[in-house]
Amino acid sequence: MESNNRTDPNEDVRPSMVVTPWEVEGTIDYDRLVKEFGTQVIDESILSRMKRLTSELHYMLRRGFFFSHRDFELILDRCERHEPWVLYTGRGPSGQTTLGHVSPWIFTKYLQDVFNVDLYFQLTDDEKFLYQRELSLKDVEVLTYENALDVLAVGFDPKKTHLISDIRMSRDMRELSLEVAKRVTFSTARAVFGFTNETNIGMVFHPAVQAAPCFLPSRIAGRDVPTLIPCAIDQDPYWRVARDVAPRMGYPKPSGIYCKFFPGLGEGGKMSSSRPETAIYTTDSPEAARRKVMGAFTGGRATIEEQKRLGADPDVCTVFWSNYFMLEPDDEQINNLRRICKGGGILCGDCKALLADKVVKFLKDHQRRREEARKVVNDVFI
Ligand code: TYM
């Protein structure tokens with residue numbers, strides 16, 4: 001079994017960072033996370049191979065938003081040999097979609113476009129029903145539909161995209177989940193996910209369901225079709241289990257490519273649907289989005305005079321990171337912004353207003369495509 005980040009029970013210090021599929025807390029030290037999870041860093045050799053294959057590196061790779069991986073080289077090998085592979089990613093429908101969720105999907109769409117591959121997209125309505133006490137089956141059904149609209153609004157090719165609702169899963173998915181579950185002991189699941197005596201037994205089975213799409217393309221094709229999973233690094237525990245059972249099921253191990261966390265608009269923390277005041281939802285009105293951005297935490301000084309004289313600090317600023325990771329793809333613009341900010345050439349209010357304009361434009365375009373998606377969404381579900 002590949003390593004995980006459970007803390008040493010003999011250590012009596014409280015962990016300053018918690019990263020699990022259900023909880024991300026504290027200041028994230030990505031170097032430490034890579035070591036503890038046992039993933040690899042995306043290095044120069046990977047970047048230059050990607051550059052050769054795609055001619056220009058996507059800004060999320062250039063800027064290290066996607067920073068880590070498992071066996072991504074194997075996918076690059078297949079690209080070079082023109083052998084098939086597919087993308088697999090997903091969403092747990094616990095609420096409306098935020099820009100945080102959309103950030104890895106933008107990169108996933110880019111991969112679909114440049115490599116012309118199919119995408120399997122799992123909506124883990126079962127997981128969210130089981131995990132969130134207050135959600136009913138009816139609630140997660142509605143949210144699954146709502147989130148599926150967001151997936152299509154990102155622009156995935158509907159002919160090459162296959163949505164999976166776990167609650168309405170196919171026979172193939174059901175059988176694969178069972179094959180996985182039979183090979184994972186409770187002791188392994190507890191060690192990887194931290195399950196306790198209070199965890200309901202549905203949650204204990206769920207890792208098998210989330211592993212199943214890793215193998216679905218191979219099962220459907222009747223030959224090896226490995227999956228590449230783009231997602232934030234919080235989902236890695238699932239892939240550890242899936243990679244562990246893959247050889248015993250006769251399937252290729254899934255590969256992963258992982259991003260950092262897109263920040264919330266408050267001081268510290270990822271953008272999360274459970275923190276509504278610091279999250280931008282894809283369904284927010286322009287007024288609501290603008291109000292949230294104008295309330296964002298920045299690296300500004302106490303007074304205008306000080307800011308002009310000493311400059312501000314983009315490295316701690318949620319407005320800067322929102323631009324850097326997602327909303328300002330142009331390198332020249334982002335470098336200018338950093339320079340002007342540090343040199344005291346812009347006040348935080350003005351910088352927030354510029355970001356708010358970009359967010360509102362993004363939302364208007366996304367919401368238009370989201371409405372169009374209603375016509376096709378039911379046909380995209382497996
Ligand atoms: P969920 O709904 O928590 O998250 C959906 C996707 O968004 C990523 N993510 C973020 N990425 C960047 N910044 C953030 N602030 C942020 N918040 C969430 C997650 O890593 C994920 O990629 N159990 C899963 C659903 C799932 C899945 C998958 C996810 C099923 N199969 C395969 C990824 C890949 C879940 O609840 O994701």
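Whatever order the structure lists them in is the order used to number ligands and atoms, beginning at 1. The basis for the numbers below is simple: all heavy atoms, side chains too, and nothing from hydrogens, waters or symmetry mates.
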Any donor-acceptor pair under 3.5 Å linking the side chain of Gln367 with the backbone of Asp284?
yes
Which heavy atom of the protein is the closest neighbour of atom 24 (C) of ligand 1, given with residue, atom name and distance?
Gln235 OE1, 3.2 Å
Please list the nearest protein heavy atom to atom 37 (O) of ligand 1 with its residue and the distance rounded to 0.1 Å.
Gly92 N, 3.6 Å
heavy-atom search around atom 26 (C) of ligand 1 in the protein gives Gln210 NE2, 3.5 Å
Quickly, which of Thr283, Thr97, Asp150 forms a side chain to side chain donor-acceptor pair (under 3.5 Å) with His366? Name it, please.
Asp150
Those atoms of ligand 1 less than 4.0 Å from some heavy atom in Ile229
34 (C)
Taking 4.0 angstrom as the limit and counting only heavy atoms of Asp234, give me the atoms of ligand 1 inside it, by number and element.
19 (C), 20 (O)
Once you restrict to heavy atoms under 4.0 Å, what part of Thr124 touches ligand 1? Side chain, backbone, both or neither.
side chain
Residue-level breakdown please: for Trp239 versus ligand 1, do any non-hydrogen atoms fall below 4.0 Å on the side chain, on the backbone, on both, or on neither?
side chain
Considering Ala232, Gly90, Ala242, Gly269 one by one, which has a heavy atom nearer to atom 6 (C) of ligand 1 than any of the others?
Gly90
Just by distance, do the side chain of Thr227 and the backbone of Leu87 share a donor-acceptor pair under 3.5 Å?
no
Is the shortest distance from a heavy atom of Phe121 to ligand 1 less than 4.0 Å?
no
Which residue owns the protein heavy atom closest to atom 10 (C) of ligand 1, what's the atom, and how far is it?
Gly100 O, 3.5 Å
Quick one: name the residues clustered hydrophobically with Ile340, using the 4.5 Å side-chain heavy-atom rule over I, L, V, M, F, W, Y, and just say none if it's on its own.
Ile346, Leu354
Strictly under 6.0 Å, is that where the ring centroids of Phe262 and Phe325 end up?
no
Close approach, Pro21 and ligand 1, non-hydrogen under 4.0 angstrom:
no
Shortest protein contact, atom 13 (N) of ligand 1 (heavy atom only)
Phe262 N, 2.8 Å
Where ligand 1 meets Phe261 - atom numbers and elements under 4.0 angstrom, heavy-atom basis
13 (N)
Mark yes or no for whether Thr188, through its side chain, and Val184, through its backbone, hold a donor-acceptor pair below 3.5 Å.
no
Quick one: does any side-chain atom of Asp172 pair with a main-chain N or O of Arg219 as donor and acceptor, under 3.5 Å?
no
Considering Gln122, Lys270, Arg91, His101 one by one, which has a heavy atom nearer to atom 7 (O) of ligand 1 than any of the others?
His101
What do you reckon, is CZ of Arg374 surrounded by more than 12 foreign heavy atoms closer than 6.0 Å?
yes
Per-atom contacts of ligand 1 with Lys128, taking only distances under 4.0 Å to non-hydrogen atoms
36 (O)
Starting from the C-alpha separation in whole Å, work towards a yes-or-no answer on side chain to side chain donor-acceptor pair (under 3.5 Å) for Asp166 and Thr124.
CA-CA 6 Å; Asp166 286 350; Thr124 52; 5.0 Å; no
Apply side chain to side chain donor-acceptor pair (under 3.5 Å) to Glu25 and list each qualifying residue two or more places apart in sequence or on a separate chain.
Arg275
Residue, atom and distance of the protein heavy atom nearest atom 22 (O) of ligand 1 read Cys231 CB, 3.2 Å
Would you mind checking which non-hydrogen protein atom is closest to atom 31 (N) of ligand 1, with the distance to 0.1 Å?
Tyr88 OH, 2.8 Å
Pro217, Ser218, Pro84 screened by side-chain contact (heavy atoms from CB on, under 4.5 Å) with Arg223, the one that passes
Pro84
